[in-house]
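Structure, as structure tokens:
Here the structure is a predicted model, which is why all the values come from computation and not from measurement. Read the numbers this way: they start at 1 and go in the same order the structure lists the ligands and their atoms.
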Amino acid sequence: MCGIVGYVGPRSAQDTVIDGLRRLEYRGYDSAGVAVVSGGDLHVEKRAGKLANLEKVLDEESLPTAGIGIGHTRWATHGPPNDVNAHPHTGGARRIALVHNGIIENFVELRDRVEDDDHELLSDTDTEIVAHLVELQVESGFDLTTAMQRVCQQLDGAFTLVAIDSEDPDTVVAARRNSPLVVGLGEGENFLGSDVAAFIEFTREALELGQDQIVVMTRDHVEVTDFWGRPVEAKRFHVDWDLSAAEKDGHDWFMRKEIFEQPRTVADSLIGRRTKSGQLQLDEMRLADEELRDVDKIIIIACGTSFYAGMVAKYAIEHWTRTPVEVELASEFRYRDPIIDATTLIVAISQSGETADTLHAIMHARAQKAKVLAICNTNRSSIPRESDAVIYTHAGPEIGVASTKGFLTQLVACYLLALYIAQVKGTRFGDEIDEIMEQLEAMPDHIETVLGSAATVYDLARAHVGTRSVLFLGRHAGYPVALEGALKLKELAYIHAEGFAAGELKHGPIALIEEGLPVLCVVPPKGRDQLHGKMLSGIQEVRARGARTICLAEEGDASIEPYADVLIRLPKVPVLLQPLVAIVPLQLFACELATALGHDVDQPRNLAKSVTVE
Ligand code: AGP
């Protein structure tokens, strides 16, 4: 997620903005920039790379002294991380400077409108289009506030926007929808930030902006309206966090923060996936429809958590497209002399985009003429660069080494890919795709519901301090969830944990069951009678041998109650989408148990966030 800072007051705007951006570096970014208004002109400096690159330029020649400025650290979504795509962006007349966090869903339509007005666009970003739109408004006589209101009324998607006008050196105007923005209230000065970390060294008095709100800020005055200029109340609060807590949004770990970000990141991963006519569209699908129609086999390649996302994808892709899918550990793939040809589609799933096992596997596949599609969270990283097409997951930087929001947004991207292929191959049609998309768009609320039971899961986790072994059971799409739940416990609590397909127990693993052994069971929705009944049988088998059954089952499923020592309820969702909610209690369980054990949850022993060696 990008970092945003705004300032108006007696201090050096450049220094204050840069200080704020430095406190937002933890959010992860790949370029940075600052703009100030001085002497009736706009002065902008921006550079790809880390803040140090920008500071080096400013050390050589700083911006003019100014009391008003904005700044940005960019996590690239549209367009590669380079100087031109870095924010702030300006309009054609260089009167307006603007920074943006989020995704403008209708930017293509808006771009046509801007280019029609003979405005040359210099970058690949959706943000630059908004800067031109705001400038068109002020050039036609509206003040910056009204201009921002009128532009926000045209925008679809998620956005935080902050702008300054060279002809109004006293006013910063900002807007937000589905993207964070807070105001820091000073004495004779005011601040804006993506989060309070940007300004708590100057003030701890803050305003939290609500949905679809505009804030107009001068040195001595802050006013909040809706997008139509009607005054609205913003919630004032005192920040009692220290800087470290502020970076984690008040949580103790980045991982816990990222677990609770999942409703938003899943919603963000669905933004902009459909054209105005309702057709599915993917980020960078450079594979023609007929090439996809010729695909007769799909091989998903990944490691770790991403591999488990691929296992879930197999169920969805095969069900919706009837195309055979294999899921392969990247580290094994190229050593087994795989059967690949020009009608094979390789899907590489990687949060970091730098995992060496996965990168070398897709290079091997490409050498055999296979087409490669990457599902990745990191813009322009090595794996997308080696691929023919990319679906970005838009989870924002994932700081915790143990993947959580990265996993959920990979699942969403896999569902979207499956539906896209079904749309191209004609194995699913408009109304069916619409129905599944509506189910997906309802998932953020369902994830929020599961997060509401966090306290129960935390109590359960703390009660398991001292446990030496835990088993996880699942069937169908719940089986990869069991594997991922076991991985979370291994990598965070350093406890032996193993996931099994529940039907496999009687073929050996049931010998592991002993009195009191915790067994977490992911129970499929009742709608699938074969699956649900067989899962209950497996649970009865382990319980009869002394296991302590901790069951995750959907609301209203009473049949599980006699066999669950502990019951965690899940929202009712379709069986293929259940991984999106079933994994959340297992993430919380592992996070809390590791915390109770005194482990470093964000940096577990022996692990790296990106494994760039084979
Ligand atoms: C997940 O919690 C682990 N950190 C690890 O298994 C990870 O998923 C794996 O290394 C793959 O990483 P990638 O998604 O960046 O390729």
May I ask you to decide if the ring planes of H364 and F333 are parallel, tilted or perpendicular, using 30° and 60° as cut-offs? perpendicular

Give a yes/no verdict on whether any heavy atom in S610 is under 4.0 Å from an atom of ligand 1. no

Go through ligand 1 atom by atom and flag the ones less than 4.0 Å from a non-hydrogen atom of E491. 1 (C), 2 (O), 3 (C), 4 (N)

Scan for salt bridge (charged side-chain N to carboxylate O under 4.0 Å, His left out) pairs involving residues 588-597, sequence neighbours excluded, and state none if there are none. R256-E592, R462-E592

Of the listed options T305, I375, N377, closest to atom 5 (C) of ligand 1 (non-hydrogen atoms): T305

Against heavy atoms of S350, which atoms of ligand 1 measure under 4.0 Å? 13 (P), 14 (O), 15 (O), 16 (O)

Please could you name the atoms of ligand 1 that S306 approaches to less than 4.0 Å, counting only its heavy atoms? 8 (O), 13 (P), 14 (O)

What protein heavy atom is closest to atom 10 (O) of ligand 1, reported as residue, atom name and distance in Å? V611 CG2, 4.1 Å

Under a 4.0 angstrom heavy-atom cut-off, which atoms of ligand 1 come close to A402? 2 (O)

Go through ligand 1 atom by atom and flag the ones less than 4.0 Å from a non-hydrogen atom of K488. 1 (C), 2 (O)

Does at least one non-hydrogen atom of E354 fall below 4.0 angstrom from an atom of ligand 1? no

Dump the intermediate steps for salt bridge (Lys or Arg N to Asp or Glu O under 4.0 Å) on K609 and E398, then the final yes or no. CA-CA 9 Å; K609 183 60 185 170; E398 189 174 60; 2.7 Å; yes

May I ask you to check if ligand 1 and K609 share an N or O to N or O distance below 3.5 Å? no

Tell me, which protein residue and heavy-atom name are nearest atom 15 (O) of ligand 1, and how many Å apart are they? S352 OG, 2.7 Å

Indicate yes or no: does R336 engage E332 in a salt bridge with an N to O separation below 4.0 Å. no

Return a table of donor-acceptor pairs under 3.5 angstrom between the side chains of residues 439-453 and protein atoms on other chains or two or more places apart.
from, atom 1, to, atom 2, distance (Å)
T449, OG1, D445, O, 3.0
S453, OG, V450, O, 2.6

Criterion side-chain hydrogen bond (donor to acceptor under 3.5 Å, both in side chains) on E354 and S382, from CA distance to verdict: CA-CA 6 Å; E354 298 299 345; S382 302; 2.5 Å; yes

Modelled atom types, side-chain donor and acceptor of E484 and T305, under 3.5 Å: yes

Should one rank A608, C303, G353 by closest heavy-atom distance to atom 9 (C) of ligand 1, which comes out on top? C303

Any V401 heavy atom less than 4.0 Å from ligand 1: yes

So do P518 and H464 actually touch side chain to side chain, heavy atoms under 4.5 Å? yes

Below 4.0 angstrom from a heavy atom of G304, which ligand 1 atoms are there? Numbered from 1 as shown, please. 6 (O)

Ligand-residue contact atoms, ligand 1 with S403, heavy atoms, under 4.0 Å: 1 (C), 2 (O)

So, are K572 and E555 salt-bridged, with charged N and O less than 4.0 Å apart? no

Whether F260 and H251 hold their rings parallel, tilted or perpendicular, with breakpoints at 30° and 60°: parallel

Per-residue contact class, T355 against ligand 1 - non-hydrogen pairs under 4.0 Å: side chain

